[in-house]
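Note sheet for the following structure.
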Amino acid sequence: MAKSEVKLLGAWPSPFVMRARIALNIKAVEYEFLQETLEPKSQLLLQSNPVYKKIPVLIHADKPICESLVIVQYIDDVWTSGPSILPSDPYDRAIHRFWAAYLDDKFYPTLRSIRAAQGEEARKALLEQLAEGIALLEEAFGKCSQGKAFFGGDGIGFLDIAFGCFLGLLRATEKMGGVKLLDEAKTPGLVKWADRFCADGAVKGVMPETEKLIEFAKVFMAKMRGAPAK
Amino acid sequence: MAEEVLLFGVWGSPFSRRVEMALKLKGVEYKYMEEDITNKSPALLKYNPIHKKIPVLVHNGKPIAESQVILEYIDETWQGYSLLPKDPYQRAVARFWAKFIDDKCLQPVFKACWGEEKDREKAAEEATELLKFLEEELKEKRFFGGESIGMVDIVASIIAFWLGVFEEASGVKLLTTEKFPKLCNWAHEFVSNGVIKENLPPRDKLIAYFRNRFGGANASK
């Protein structure tokens with residue numbers, strides 16, 4: 001398949017874009033990565049995602065697919081010769097999808113809010129919420145992995161991708177806040193999993209360095225503070 | 001081994017009714033457990049400790065929560081009627097719209113009907129913009145799923161039926177035939193379908209419930 005057949009609109013800091021890239025890497029799909037500046041948004045982005053105008057957008061043979069988890073499932077459905085991303089058993093698939101929904105609906109909004117939190121009290125409350133979520137995910141890891149390396153078993157699966165994409169942000173939050181979110185004592189399973197995930201061939205090249213993310217976060221926060229009041 | 005399918009739901013909830021629609025379309029026998037959300041059963045808390053919400057489907061003792069996760073599970077577990085298309089691109093399109101309805105549409109629709117008076121107009125504008133996307137997506141199709149009802153239609157039942165209930169109970173009108181001819185047509189086709197019709201809650205009872213619960217100080221003029 002020609003490389004230009006598969007395009008991905010994205011940006012390096014985005015965990016959601018990372019999900020799509022990891023999935024494409026797992027399937028060894030050649031693709032053209034189109035870096036979006038987002039200010040302004042490109043014509044291609046506005047045309048291919050008129051509903052949300054957001055990245056990532058996968059363009060396969062000129063057909064756009066939007067929403068990161070929809071994209072990951074699409075990649076799994078299309079490139080069937082590579083390793084499977086979703087588990088084969090319907091119940092296991094449901095468990096992966098349940099936790100992926102939890103991550104997007106509850107976990108990520110909390111993580112993202114910490115950046116903009118006003119005051120120590122608010123920050124602490126959010127960090128506690130996050131810690132509770134991580135504790136739940138540690139338990140889920142035990143059940144899903146069944147002693148193996150990943151949520152998906154021997155290889156990276158859907159839930160590994162859905163969660164692992166936030167590791168950069170988690171580490172940046174730890175450094176900037178002087179806190180430990182993944183802790184050897186409290187979440188030993190996830191600590192080891194995180195190392196394995198980041199070292200995996202499909203992930204290594206697309207996981208941004210923590211330092212770069214911190215820089216990016218600082219620039220982002222400065223912009224927010226400098227923004228005119230509504 | 002005898003198969004056991006339990007569904008924990010609430011009679012007026014669009015989310016548990018979705019699951020019932022799917023089970024009925026697939027011809028799956030199940031036992032329904034009505035929950036009192038003001039007094040949640042120990043069983044519900046056991047089966048959905050994370051969210052403590054309905055719907056929960058329990059299949060041979062194993063619980064699944066989150067309505068769209070349940071719908072996909074039902075489609076993958078029981079053969080026969082297909083809720084999602086077979087083609088990967090069409091599946092992606094279906095998943096996109098199902099997500100769009102729940103993630104984006106529900107809040108503004110609800111706020112337009114039941115929110116604070118000062119917020120309603122803006123919410124109605126937002127809801128209208130979002131419903132336009134669905135109007136466009138329908139194109140010339142009978143259902144979002146094509147010739148037959150699929151997952152997107154089932155998820156959109158909240159617009160086909162519950163929105164009408166909200167409108168009547170609150171006095172707010174969002175889904176007009178002038179603005180949304182295709183969506184109105186689709187809604188009518190959908191609620192007229194035999195299987196769906198049997199699985200909708202009683203309309204008057206639902207209108208009374210919403211008026212009672214959310215009307216109050218914001219009662220319609």
Side-chain angles (χ1 to χ4, degrees), chain A residues 20 23 27 48-54 56-80 86-109 132-133 135-137 139-140 143 158-159 162, chain B residues 5 15 19 47-51 53 55-79 83-107 129-137 151-152:
Chain A
K27 301 285 190 176
S48 49
N49 192 356
V51 176
Y52 292 106
K53 305 178 179 61
K54 280 182 167 177
V57 180
L58 184 77
I59 302 177
H60 183 202
D62 293 326
K63 293 189 288 195
I65 300 105
C66 308
E67 292 296 280
S68 62
L69 295 179
V70 175
I71 293 172
V72 172
Q73 290 181 96
Y74 174 78
I75 291 167
D76 202 32
D77 280 343
V78 170
W79 284 280
T80 49
L86 266 298
S88 48
D89 174 69
Y91 189 72
D92 294 336
R93 291 159 83 95
I95 297 296
H96 278 233
R97 287 182 176 130
F98 172 86
W99 285 110
Y102 172 83
L103 284 158
D104 282 2
D105 295 346
K106 301 252 180 306
F107 190 82
Y108 175 68
E132 277 169 26
L136 290 173
L137 288 158
E139 205 188 317
K143 288 191 188 151
F158 189 68
L159 185 49
Chain B
V5 182
F15 304 102
V19 176
Y47 287 130
N48 192 2
I50 312 290
H51 300 300
K53 284 180 167 182
V56 180
L57 187 80
V58 186
H59 185 204
N60 294 332
K62 296 197 284 194
I64 305 112
E66 293 296 285
S67 65
Q68 291 204 24
V69 176
I70 297 172
L71 292 179
E72 292 237 29
Y73 176 79
I74 289 170
D75 204 32
E76 287 169 358
T77 302
W78 288 281
Q79 305 315 310
L83 299 173
L84 276 174
K86 298 273 180 274
D87 172 69
Y89 182 71
Q90 294 306 325
R91 286 166 85 82
V93 170
R95 285 179 174 135
F96 174 89
W97 290 109
K99 208 171 184 295
F100 169 78
I101 290 164
D102 279 359
D103 289 355
K104 297 294 277 184
C105 297
L106 301 191
Q107 246 195 7
E129 285 311 303
L130 297 168
L131 289 171
K132 273 191 193 150
F133 282 120
L134 290 173
E135 172 82 7
E136 274 166 41
E137 174 55 22
M151 186 162 122
V152 179

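No hydrogens, no waters, no symmetry mates; every other heavy atom, side chains included, goes into these values.
By the 6.0 Å contact criterion, NZ on B:K104 is open, its count of non-hydrogen atoms from other residues, nucleotides or ligands being 12 or less. In B:Q107, the CD atom is not crowded: 12 or fewer heavy atoms of neighbouring residues, nucleotides or ligands sit closer than 6.0 Å.
In this structure, chain A has a heavy atom under 4.5 Å from the side chain of B:I50, while its backbone stays farther away. For B:P49, no part lies under 4.5 angstrom from a heavy atom of chain A. The parts of B:R95 that come within reach of chain A are both its backbone and its side chain, each placing non-hydrogen atoms under 4.5 angstrom from that chain. No part of B:H59 comes within reach of chain A, as not one of its non-hydrogen atoms sits under 4.5 angstrom from that chain. If you measure heavy-atom distances from B:F96 to chain A, the contacts under 4.5 Å come from both the backbone and the side chain. Heavy atoms of A:D76 lying under 4.5 Å from chain B are absent altogether. Using a 4.5 Å cut-off between heavy atoms, B:W78 does not touch chain A at all.
With sequence neighbours excluded, the residues that form a side-chain hydrogen bond (donor to acceptor under 3.5 Å, both in side chains) with A:D104 are A:R19. The side chain to side chain contact (heavy atoms under 4.5 Å, CB included) search around B:K62 returns A:Y91, not counting sequence neighbours.
Taking a cutoff of 4.0 Å between a charged side-chain nitrogen and a carboxylate oxygen, A:R97 and B:E72 qualify as a salt bridge.
Of all the heavy atoms in B:V69 and A:A94, the pair that sits closest is CG1-O, 3.3 Å. Minimum heavy-atom separation, B:A92 to A:Y74: CB-CD1, 4.0 Å. Closest of all the heavy-atom pairs between A:F98 and B:A65 is CD1-O, 3.6 Å.
Taking CG of A:D77 as the start and CG of B:D87 as the end, the distance is 9.5 Å to the nearest 0.5 Å. Within the model, atoms CG of A:L69 and NZ of B:K99 stand 6.5 Å from one another, a figure rounded to the nearest 0.5 Å. Between A:Y102 atom OH and B:E66 atom CD the span is 11.5 Å, to the nearest 0.5 Å. Going from atom OG of A:S88 over to atom CD of B:E76 covers 10.5 Å, rounded to the nearest 0.5 Å.
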Open item on the list: If you apply the rule side chain to side chain contact (heavy atoms under 4.5 Å, CB included), what do you find for A:V51 with B:W97, and how did you get there?
Closed with: CA-CA 10 Å; A:V51 176; B:W97 290 109; 3.8 Å; yes
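Note: B:F100 and A:Y52 have perpendicular aromatic rings, judged against thresholds of 30 and 60 degrees for the angle between ring planes.
Heavy-atom pairs under 4.5 Å with chain A were tallied for B:V93, B:I70, B:I64, B:T77; the largest tally goes to B:I64. Per-residue heavy-atom pair counts under 4.5 Å with chain B were compared for A:H96, A:K63, A:K106, and the maximum is reached by A:K63.
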